[in-house]
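These notes concern the structure reproduced below.
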Amino acid sequence: FISLIVLPTYFVGVIQWRDDMNTCQTAARNFVDMVIDNGQINERAVTDLNVSLGGCYSTCTYEIYREEKITNPSGTSWVYVDIEDDTVWRTGDIVTIEITQEGSNIFQRISSMLLGTSYQKVSVRLAGMVR
């Protein structure tokens with residue numbers, strides 16, 4: 001039972017976790033690249049991000065943050081500001097995306113029940129400066 005059911009279930013859960021991590025990292029990188037190249041969050045970037053995350057074995061959510069560059073005589077600093085549909089990104093602004101895994105896939109749940117294993121939640125945080 002252990003060698004035919006439990007261990008393969010565990011290894012499939014590990015492989016799917018690794019695939020989810022790879023998918024999240026790739027989706028975050030592609031999204032940040034689109035924003036820093038275009039200077040805006042367009043519909044294509046959001047659609048590509050949602051489609052990529054939809055291909056994960058578990059449920060993932062994301063948050064997008066904007067740090068606006070403020071230059072004054074005492075130096076340069078960045079301030080978090082809200083993102084709206086018509087937000088104009090300027091050179092030097094920083095876009096950050098944070099993707100987190102909310103649930104686990106079926107193989108992870110089964111191996112957790114049978115073996116008592118736990119999987120680390122996928123969490124990817126990536127930032128880039130608008131050119």
Side-chain angles (χ1 to χ4, degrees):
F1 177 75
I2 289 176
S3 18
L4 291 175
I5 305 294
V6 177
L7 288 178
T9 301
Y10 171 73
F11 287 120
V12 169
V14 169
I15 291 168
Q16 288 181 347
W17 178 89
R18 186 208 57 213
D19 289 346
D20 284 353
M21 178 65 119
N22 188 28
T23 300
C24 289
Q25 288 174 338
T26 303
R29 179 78 264 157
N30 290 341
F31 180 80
V32 168
D33 283 346
M34 280 187 175
V35 174
I36 64 176
D37 288 342
N38 298 331
Q40 64 180 349
I41 297 176
N42 55 25
E43 187 175 331
R44 180 175 177 223
V46 174
T47 301
D48 287 351
L49 177 65
N50 289 331
V51 168
S52 293
L53 294 180
C56 290
Y57 293 101
S58 54
T59 306
C60 295
T61 60
Y62 62 88
E63 290 287 329
I64 303 168
Y65 305 100
R66 175 181 181 217
E67 294 177 68
E68 187 173 340
K69 182 179 178 181
I70 306 294
T71 305
N72 53 37
S74 63
T76 302
S77 61
W78 284 265
V79 177
Y80 282 101
V81 293
D82 291 333
I83 300 173
E84 298 174 8
D85 291 337
D86 58 348
T87 298
V88 176
W89 297 70
R90 294 185 293 275
T91 301
D93 289 355
I94 297 175
V95 59
T96 304
I97 184 167
E98 185 173 359
I99 301 173
T100 54
Q101 179 184 8
E102 294 298 321
S104 56
N105 63 55
I106 187 69
F107 289 102
Q108 291 173 343
R109 288 192 298 258
I110 291 172
S111 66
S112 293
M113 287 186 316
L114 295 175
L115 292 173
T117 59
S118 63
Y119 293 86
Q120 180 181 2
K121 298 289 184 186
V122 172
S123 180
V124 175
R125 185 176 177 97
L126 191 64
M129 186 177 289
V130 177
R131 300 179 194 155

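Everything numeric here is computed off the predicted structure, so don't read it as measured data.
Side chain of Asn38 to backbone of Met34: a donor-acceptor contact under 3.5 angstrom is found. At least one donor-acceptor pair under 3.5 Å links the side chain of Thr87 to the backbone N or O of Glu84. Here the side chain of Arg109 pairs a donor or acceptor atom with the backbone of Ser104 at under 3.5 angstrom. Between the side chain of Asp93 and the main chain of Glu68, no donor-acceptor pair closer than 3.5 Å is present.
Across all non-hydrogen atoms, the minimal contact from Tyr65 to Tyr80 is CB-CE2, 4.0 Å. The heavy-atom pair separating Ala127 from Ile94 by the smallest distance is CB-CG2, 4.1 Å. Annotation for Ile97 and Ala28: closest pair CG2-CB, 3.8 Å, computed over non-hydrogen atoms. Heavy atoms only, all atoms of each residue included: Arg90 and Val130 are closest at O-CB, 3.5 Å. Across all their heavy atoms, Val124 and Cys24 have their closest contact at CG2-CB, 3.8 Å. The shortest non-hydrogen separation linking Gln40 to Trp89 is CA-CD1, 3.6 Å.
With contacts defined as side-chain heavy-atom distances shorter than 4.5 Å, the pair Thr71/Lys69 qualifies. At a threshold of 4.5 Å between non-hydrogen side-chain atoms, the residues Gln120 and Met21 do not count as touching. Inter-residue side-chain proximity for Ile41 and Phe31 is flagged as met; some heavy-atom pair is nearer than 4.5 Å. Between Asn42 and Val46, every side-chain heavy-atom pair lies at or beyond the 4.5 Å cut-off.
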Output, in order, the C-alpha distance, side-chain angles, deciding distance and verdict of side chain to side chain contact (heavy atoms under 4.5 Å, CB included) for Arg66 and Trp78. CA-CA 9 Å; Arg66 175 181 181 217; Trp78 284 265; over 6 Å; no

Please test Thr96 against Leu126 for side chain to side chain contact (heavy atoms under 4.5 Å, CB included), starting from the C-alpha separation and ending with a verdict. CA-CA 6 Å; Thr96 304; Leu126 191 64; over 6 Å; no

Determine whether Leu53 and Ile99 satisfy the following criterion, side chain to side chain contact (heavy atoms under 4.5 Å, CB included), listing intermediate values before the conclusion. CA-CA 9 Å; Leu53 294 180; Ile99 301 173; 4.0 Å; yes

Check the pair Ser118, Ser112 against side chain to side chain contact (heavy atoms under 4.5 Å, CB included), reporting the backbone distance first and the verdict last. CA-CA 6 Å; Ser118 63; Ser112 293; 5.6 Å; no

Test log, rule side chain to side chain donor-acceptor pair (under 3.5 Å), inputs Ser58 and Asn105: CA-CA 5 Å; Ser58 54; Asn105 63 55; 5.4 Å; no

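Counting heavy-atom neighbours within 6.0 Å of Phe107 CZ, excluding the residue itself, gives a total of 12 or less.
Every residue two or more places apart in sequence or in another chain that forms a side chain to side chain donor-acceptor pair (under 3.5 Å) with Asn72 is listed here: Ser74.
Screening residues 43-54 for side-chain hydrogen bond (donor to acceptor under 3.5 Å, both in side chains) gives Asn50-Tyr62 as the qualifying pairs, with residues at least two apart or on separate chains.
Under the 4.5 Å side-chain heavy-atom criterion for grouping Ile, Leu, Val, Met, Phe, Trp and Tyr, Val95 is not connected to Val81 through any hydrophobic cluster. Follow the hydrophobic side-chain contacts under 4.5 Å out from Trp17 and you never reach Leu115; the two are in separate clusters. Each of Ile15 and Tyr57 belongs to its own hydrophobic cluster when Ile, Leu, Val, Met, Phe, Trp and Tyr are linked at side-chain heavy-atom distances under 4.5 angstrom. In this structure, Ile106 is a member of the same hydrophobic cluster as Val14, with clusters built from ILVMFWY side-chain heavy atoms closer than 4.5 Å.
A side-chain donor from one of Thr100 and Thr61 sits under 3.5 Å from a side-chain acceptor of the other.
Of the charged side-chain nitrogens involved, none lies within less than 4.0 Å of a carboxylate oxygen, so that Lys121 and Glu102 do not count as a salt-bridged pair.
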